[in-house]
Protein chains: 2
Amino acid sequence: MTTRGRPDDAGEGVRQRKRRETLQRIRDRGICLFIEKGYAATTLDDIAAAAGISRRTFFYYFKSKDEILLSLQNDVGDMLVDALGRVPQDRRPLDAIRDAAVDVCALIPADDMIAIDRLMRESDAVQARKQASYVEQEKALFAALRERWPDPSRETGLRLVAMLAIGAMRLATDAFNRQGGKRPMPELLNEAFDALEAEI
Amino acid sequence: MTTRGRPDDAGEGVRQRKRRETLQRIRDRGICLFIEKGYAATTLDDIAAAAGISRRTFFYYFKSKDEILLSLQNDVGDMLVDALGRVPQDRRPLDAIRDAAVDVCALIPADDMIAIDRLMRESDAVQARKQASYVEQEKALFAALRERWPDPSRETGLRLVAMLAIGAMRLATDAFNRQGGKRPMPELLNEAFDALEAEI
DNA sequence: CTTGAAAATTACACTCGGTGCGATAATATT
DNA sequence: AATATTATCGCACCGAGTGTAATTTTCAAG
């Protein structure tokens, strides 16, 4: 396999490692610049220079400037689906999502959430793509739910549950950011889900 | 008032009329070009030329290329709120929205809906903004509902209703376009709302 | 009808995001 | 060592969108 003594080490070649590092570097430096100078005022040239790559190479890692911020949003979606897989099998759909959501938001530093949210609000295009990503999350969530409850007669119900859950998360997230993170995210999340259960 | 004999005519001056006409001309010619050549392949120069204006003037009427398509989407949102105002006062919130939605979609030619939807799918940015506009519609709908049912204790419920209603409309619209308009929109809309009521 | 303000139109120059292409270097595979 | 993949880069190019300032068209008031 490997040319040298270490037979398999971490199972990660130089290429993979460098790729991961570069990706992360672009993200970090990019976000720092966004915070320093503002989203619009930060050019791709700035980011490329700060990350030590060429402008052209940036597009080898990200499809667009937006994607720097959007990739973070998408990561949350992935984490949610992962967390859902770890929730005990006996929970009801809506409760399972609630648990998963609480787990995920515990992993994300409040300051980061607020900073990213603020940045996203600077650009209409990014803000729009964020809403679009909610729709994607809804789809992913529904797919995950259907895997656990494959009964076809429940499809519409599960679709609805996914919709409501994402809605509740949106409400909680908005409240969190509007209050500047004064109240903890899990609390707001549980309130939103409680309100939901009460209404249904 | 007016220089000539006609004292007030239609209550519309030359300026207003020209503005309205130009706006409509840009929209029409633009959409025609989009259909002919594709969204991305149609440049603003093309549109400006076809509408008989300069490139710069285009931006006096629309904030961006996206907005040509988005303005149509937003019009639907406005129509929905209007229609909601004309629904009898005694209907339940969700039913009121259902009625309004059915009224509105009866006014929109199926071919137009399909054409616009196809165009919107050509651009990720437009598609994203479409999702964002759903969020706006949700807000507008909620505001309209709260006006009719001002009881503060119902706020969360109404917010939820608005969310669900927009969700149902999204489902119906998606189904409609996926099937290429084979089944009439009001039918799909009623089905979606029925499914919703059944689940709740 | 004239006049002065407000709104509409335009040209021009410029920035920046994003793409296509082709060359070159780094890594992986055999 | 030879060869294929993948990563990096430069360059030229397109098109969206903005700032500015000049010019024309409409409107309202005297």
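All chains are named by letter (A, B, ...) in the order of the sequence lines, taking the proteins before the strands, and each is independently numbered beginning at 1.
- One can place CZ of A/Arg15 at 6 Å from P of D/dA7, the figure rounded to the nearest angstrom.
- Picking from D/dA7, C/dC16, D/dT26 the nucleotide with the shortest atom distance to the side chain of A/Arg19 gives D/dA7.
- Helix-axis bend for the helix from C/dC1-D/dG30 to C/dT30-D/dA1: the local axis fitted to the five terminal pairs at one end deviates from that at the other end by 20°, rounded to 10°.
- One interatomic measurement links the two molecules: CG of B/Leu44 to P of C/dA11, which rounds to 15 Å at whole-angstrom precision.
- For B/Phe58 and A/Gly52, each mapped to the nucleotide of DNA chain D holding its nearest heavy atom, the one lying further toward the 5' end belongs to A/Gly52.
- Expressed to the nearest 0.5 Å, how far CE of A/Met113 lies from CD1 of A/Ile108 amounts to 6.0 Å.
- Closest to the side chain of A/Arg56, out of D/dG17, C/dG20, D/dC27, is C/dG20.
- Side-chain N/O atoms of A/Asp151 and A/Ser153 include a donor and acceptor closer than 3.5 Å.
- Distance CZ (B/Arg20) to C1' (C/dA8): 16 Å, rounded to an integer number of Å.
- A/Arg178 and A/Asp117 are not joined by a salt bridge, as no carboxylate oxygen comes within less than 4.0 angstrom of a charged side-chain nitrogen.
- With D/dG10, C/dT10, C/dA6 as the candidates, the nucleotide lying closest to the side chain of A/Ser54 is D/dG10.
- At a threshold of 4.0 Å, the pair B/Glu21-B/Arg17 counts as salt-bridged, since one of the basic side-chain nitrogens sits closer than that to a carboxylate oxygen.
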For B/Phe59 and B/Leu44, run side chain to side chain contact (heavy atoms under 4.5 Å, CB included): C-alpha distance rounded to whole Å, both residues' side-chain angles, the deciding distance at 0.1 Å, then the answer. CA-CA 10 Å; B/Phe59 290 102; B/Leu44 290 184; 3.3 Å; yes
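- Within the nucleic acid shown, A/Arg55 comes within 4.0 Å of at least one base atom, counting heavy atoms only.
- The B/Lys18 side chain lies nearest to D/dT25 when the options are C/dT9, D/dG19, D/dT25.
- With hydrogens and angles disregarded, no donor-acceptor distance shorter than 3.5 Å links the side chain of B/Asp112 to the backbone of B/Pro109.
- Looking at heavy-atom distances under 4.0 Å, B/Tyr61 makes contact with sugar-phosphate atoms alone, never a base.
- With D/dT26, D/dG15, D/dG17 as the choices, the nucleotide that has an atom nearest any side-chain atom of B/Val14 turns out to be D/dT26.
- In the set D/dC9, C/dA7, D/dA16, D/dC9 carries the atom at the smallest distance from any side-chain atom of A/Thr57.
- Comparing C/dG18, C/dA28, D/dC27 by their nearest atom to the side chain of A/Ser64 picks out C/dG18.
- No donor-acceptor distance shorter than 3.5 angstrom exists from the side chain of A/Ser123 to the backbone of A/Met120, with no hydrogens or angles considered.
- Closest approach to the A/Tyr60 side chain among D/dG17, D/dA7, C/dT19 is made by D/dA7 (side chain taken as heavy atoms from C-beta onward).
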